[in-house]
*Asks:* 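Below: one structure in structure tokens.
Bear in mind that the values here come from a model prediction, so they are computed numbers and not experimental data.
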Amino acid sequence: MNMKFLCEDMKRGFANPGFFAGVLGLGALLGYNFMTESLHSGSSYYAIVNILAASGFNVFLPVFPVLGYASRFCGEYESGYYRLILARMRWQKFVRVRITSVALSGGAIVAIPYLLICLAAVYLQAPGIGDVNALGLDASGVNILRVETELEMVVIGRTYGVGVMVAVKVLLGFLFGAAWALVGLAFAAWFPNKYVSLIAPFVLYEALYILMPSQLNPSCLVRGDDAGHLLSAVMECVWLFAAAAAAMAGFRRRCRDA
């Protein structure tokens, strides 16, 4: 892999308006969920679990990682710039670099807001489960919800500490973002149209959201609460490699025609 080209491509993947729009947009959605659903929960454990499962969050999640760098190839294809790149290196190297930079950019778009909102939950909420033992009202009259102590995430937090809880959630978010950014890249390679590469991943995700069982469903895997966090991480890696393979196949077709 050409390291110089990789560094340049990663710089473009992170220093572009789409990347910042994805981070800020997802951060705003998570922040709204935190303020409305979890701020007065009385438990950092509950807040971390609930922020990423609050109303409507998972439905819109794939919109953000594709904003960063997934559609870049469409402009390069339409302008013919990709032919200049292929004149300097083999198409296999070009594709490996682009897959790496797109995956890292998309993963960071999800992981950064995840990390910040989880840290806010840890800082602003009582450590551990706190006094949230049943449905009712706290001292200020705010409705609080029961924390299920048997939830895997709560068990992880009580066993290994809240830092591990945050790390697991951020890892799942990063893998999700990387996978769906590569889905966008695959659409860009097969159908080099910017709007297709941005919209088609969302349409595919919604179809999977409706049709697939929880242990394979990307909307469940990103939270990790249904299939378990270890299995969710493994399955997200499967989605990631499948998306990378689809992108590689699409690039093979395009680059051979160059």
Side-chain angles (χ1 to χ4, degrees), residues 1-29 60-86 88-89 91-115 170-171 173-205 218 222 236-237 239-255 258:
M1 185 180 295
N2 190 316
M3 294 305 298
K4 181 178 180 181
F5 182 68
L6 174 62
C7 293
E8 294 175 352
D9 206 49
M10 286 181 58
K11 185 184 299 183
R12 289 190 290 267
F14 284 87
N16 67 80
F19 177 84
F20 294 107
V23 171
L24 293 176
L26 181 54
L29 180 59
F60 299 102
L61 185 54
V63 171
F64 302 101
V66 298
L67 293 176
Y69 204 46
S71 63
R72 172 78 179 203
F73 179 73
C74 299
E76 294 172 343
Y77 181 82
E78 292 173 358
S79 66
Y81 179 70
Y82 80 109
R83 292 188 174 91
L84 298 177
I85 299 175
L86 296 179
R88 297 165 50 194
M89 66 180 67
W91 73 268
Q92 293 91 338
K93 290 185 178 181
F94 169 53
V95 176
R96 286 196 292 268
V97 167
R98 183 54 54 86
I99 286 175
T100 301
S101 55
V102 168
L104 292 176
S105 176
I109 285 175
V110 179
I112 291 172
Y114 262 38
L115 176 61
V170 172
L171 174 62
F174 177 85
L175 292 175
F176 179 94
W180 283 93
L182 290 180
V183 170
L185 179 64
F187 277 109
W190 283 98
F191 311 99
N193 180 285
K194 180 177 181 179
Y195 300 103
V196 171
S197 66
L198 294 176
I199 297 173
F202 178 72
V203 175
L204 174 61
Y205 178 87
V222 70
E236 285 199 338
C237 288
W239 280 108
L240 191 154
F241 286 116
M248 178 72 76
F251 271 100
R252 182 184 297 114
R253 176 189 176 191
R254 294 297 169 190
C255 294

*Asks:* Salt-bridge test for E76 and R98: reply yes if a basic N is under 4.0 Å from a carboxylate O, no otherwise.
*Replies:* yes
*Asks:* Out of curiosity, L6 CG to K11 NZ, how far, rounded to the nearest 0.5 Å?
*Replies:* 12.0 Å
*Asks:* Rounded to the nearest 0.5 Å, what separation is found between the CZ atom of R254 and the OH atom of Y82?
*Replies:* 8.0 Å
*Asks:* Return the CE to CZ distance between M10 and F5, rounded to the nearest 0.5 Å.
*Replies:* 12.5 Å
*Asks:* List the atom of V222, the atom of Y114, and the distance in Å for their closest heavy-atom pair.
*Replies:* CG2-OH, 3.4 Å
*Asks:* Ignoring hydrogens, what is the shortest heavy-atom contact between A108 and F14? Give both atom names and the distance.
*Replies:* CB-CE2, 3.6 Å
*Asks:* Look up atom CZ in F73 and atom NZ in K194, then write down how far apart they are to the nearest 0.5 Å.
*Replies:* 15.5 Å
*Asks:* Report all side-chain donor-acceptor pairs from residues 16-24 shorter than 3.5 Å, counting only partners two or more places apart or in another chain.
*Replies:*
| from | atom 1 | to | atom 2 | distance (Å) |
| --- | --- | --- | --- | --- |
| N16 | OD1 | G18 | N | 3.0 |
| N16 | OD1 | F19 | N | 2.9 |
| N16 | ND2 | R12 | O | 2.8 |
| N16 | ND2 | G13 | O | 2.8 |
| N16 | ND2 | G68 | O | 3.1 |

*Asks:* Do you know the tightest heavy-atom contact between F174 and A103?
*Replies:* CZ-O, 4.5 Å
*Asks:* Roughly how far, to the nearest 0.5 Å, is the OG atom of S79 from the CG atom of L84?
*Replies:* 8.0 Å
*Asks:* Is F202 close to V66 at the side-chain level, that is, under 4.5 Å between some pair of heavy atoms?
*Replies:* no
*Asks:* How close do I109 and P65 get, counting heavy atoms only, and between which atoms?
*Replies:* CD1-O, 3.9 Å
*Asks:* Kindly assign one of parallel, tilted or perpendicular to the pair F251 and F94, based on the angle between their ring planes and the thresholds 30° and 60°.
*Replies:* perpendicular
*Asks:* Tell me if a side-chain donor or acceptor on S101 pairs with a main-chain N or O of V97 at a distance below 3.5 Å.
*Replies:* yes
*Asks:* CD1 of I112 to CG of L115: how many Å apart, nearest 0.5 Å?
*Replies:* 8.5 Å
*Asks:* Would you mind writing out the side-chain donor-acceptor pairs for residues 176-193 within the sub-3.5 Å range, not counting sequence neighbours?
*Replies:*
| from | atom 1 | to | atom 2 | distance (Å) |
| --- | --- | --- | --- | --- |
| W190 | NE1 | A246 | O | 3.0 |
| N193 | OD1 | Y195 | N | 2.9 |
| N193 | OD1 | V196 | N | 3.2 |

*Asks:* Identify the two heavy atoms, one from A70 and one from V102, that lie closest to each other, and give their separation to 0.1 Å.
*Replies:* CA-CG1, 4.2 Å
*Asks:* State, yes or no, whether a side-chain contact exists between L26 and L61 at a heavy-atom distance under 4.5 Å.
*Replies:* yes
